[in-house]
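Worksheet for the structure shown next.
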Protein chains: 2
Amino acid sequence: MTRTAKNTRRALPKEVRKEQLIQATVRCIAKHGLSGVTMALVTGEAGLSMGIANLHFKSKDKLLLETLQFVTEEYAQGQNAILDSDTVASTADKMAALLEFDFSPGVTEKNKLAVWFAFLGEARSRPTYRRICSRQDAKADEKIAALFQRALDEAGDKKADAALLASGYIALVDGLWLNSLVDPRRLPWKKAYRSARHYLASAFPQHISLDQ
Amino acid sequence: MTRTAKNTRRALPKEVRKEQLIQATVRCIAKHGLSGVTMALVTGEAGLSMGIANLHFKSKDKLLLETLQFVTEEYAQGQNAILDSDTVASTADKMAALLEFDFSPGVTEKNKLAVWFAFLGEARSRPTYRRICSRQDAKADEKIAALFQRALDEAGDKKADAALLASGYIALVDGLWLNSLVDPRRLPWKKAYRSARHYLASAFPQHISLDQ
DNA sequence: GCAATAAATGAATGACCATTCATTCATGGG
DNA sequence: CCCATGAATGAATGGTCATTCATTTATTGC
């Protein structure tokens, strides 16, 4: 009855409550899987009452969609901050920053990646999931291909295919994330990082070095 | 009442029924997602009655596990046939065969890949799923690393790291599959294949060529 | 043919879970 | 200080679904 945190009921504005619930949903998906989340689990994890999620999100489906959107947009924002920054970075710096970002703690955090792959696993049968996942990706594809093209130009390389290298990098990072997430003993995060770095160093030797 | 295929009830031995049901489960997971499969959907898809799945598999959970195992083992068998064949292939031939196999129609079939990634999406929260996925993978890791090491030796390359290249190849293929599966317009299968080939050609120029 | 056996059926059961809504309770304006 | 507002609660509701099992139907040995 008199839980410390509960004494202040109400108190919080809509947006704060929604984010609380989304964060709780992320933890629940990571812990129980997408097919194991229930409204009771989510609201319990948030320390709130059963009805609250429907109050703010209308339905479980909407809650899940907004959770996916939250995780997706967070990644896209961080990535765009690097790719769009026309103030500072050289081509080499941007490429290095992209790599560091993809293996930074904020991105490789287990819970977030678990959510990402949980939804991807259902994306084929749920057009809405697919649309949310694909939307930002298509834009990022082009930006990364453009960055790679610039690097090839700077290196005087006229044979390599920037678009192909970009798809490869994106897929490689996805695969490394997935393998490290599912079994970090088989693919430690450090090794995943080195693998991605090796890919870039091999394609752009003048921009990315192998070591460090 | 008198459906053509139904006149012969019973008729079929246990093993045939089980595989029928597993195949139906594969199609249902691909169509409805792992969280959307119900016993009614699966048995309906197989053209049989509700109770049949529990009769042969004891529970829904067991049916799903055996389905995952079926898909996993089919892939592992095809892959081992290549990696273990000590009768014929040279290092270069094995590498080429591995690549062709990974993008052969039997492997890239949508339904099977959809099942694979559906389970991977839940693998973190379900130790049993993870164990089934990891079991064969660990063995394959070593075999591919050994193959790559042989190629490096043949090329006189003493600097490259075969284990790192192997993890990279495996992750790249996973990522390419996933991207092509989720949105084939963004990453057509042909392009995915070329990307994987490019990876190998770049690491083993004396064994794999870029074109064809 | 005729039990005896085993496979298959699908209506009935019970568990679980999303959603609802009458009620409770903080908050802030008057 | 008190009422009006709307956030928050959680017991109750209804729907979905896995599982069971009494019954039906094919098969096999005699």
Donor-acceptor pairs under 3.5 Å, side chain of residues 106-113 of chain B to any protein atom, not counting sequence neighbours: which ones?
from, atom 1, to, atom 2, distance (Å)
B:T108, OG1, B:S104, O, 3.2
B:K112, NZ, B:E74, OE1, 3.2
B:K112, NZ, B:G106, O, 3.1

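- Here the P atom of nucleotide D:dT24 and the CG atom of B:L48 are 20 Å apart, to the nearest Å.
- For the pair B:L41 CG and D:dA18 C1', the computed distance is 13 Å after rounding to whole Å.
- Between B:W116 and B:T72, the closest side-chain pair of non-hydrogen atoms falls below 4.5 Å.
- Rounded to a whole Å, the CG atom of B:L21 is 12 Å from the C1' atom of C:dA8.
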Could you run down the sub-3.5 Å N/O contacts of the protein with nucleotides 19-21 of chain C?
from, atom 1, to, atom 2, distance (Å)
C:dT19, OP2, A:N54, OD1, 3.2
C:dT19, OP2, A:K60, N, 2.7

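- Residue B:I52 has its side chain nearest to C:dA8 when only C:dA8, D:dC17, D:dA8 are considered.
- Protein atom NE2 of B:H56 is 14 Å distant from nucleotide atom P of C:dA6, rounded to whole Å.
- Atom-to-atom, CG of B:L63 to C1' of D:dA18 comes out at 12 Å; the value is rounded to the nearest Å.
- The side chain of A:S49 has D:dT9 as its nearest neighbour among C:dA18, D:dT9, D:dC17.
- Qualifying salt bridge (charged side-chain N to carboxylate O under 4.0 Å, His left out) partners for B:R130, counting only residues two or more places apart in sequence or in other chains: none.
- Taking atom CZ of A:F57 as the reference point, atom P of D:dA8 lies 12 Å away to the nearest angstrom.
- For A:S195 and B:S167, the side-chain atoms include no donor-acceptor pair closer than 3.5 Å.
- A salt bridge links B:R197 with B:E100; the closest basic N to acidic carboxylate O contact falls under 4.0 Å.
- Here A:V42 lies out of heavy-atom contact (under 4.0 Å) with every strand.
- In this structure, B:K94 does not pair ionically with B:D84, as no charged nitrogen and carboxylate oxygen lie closer than 4.0 Å.
- The side chain of A:R17 places an N or O atom within less than 4.0 Å of a non-bridging phosphate oxygen (OP1 or OP2) of D:dA8.
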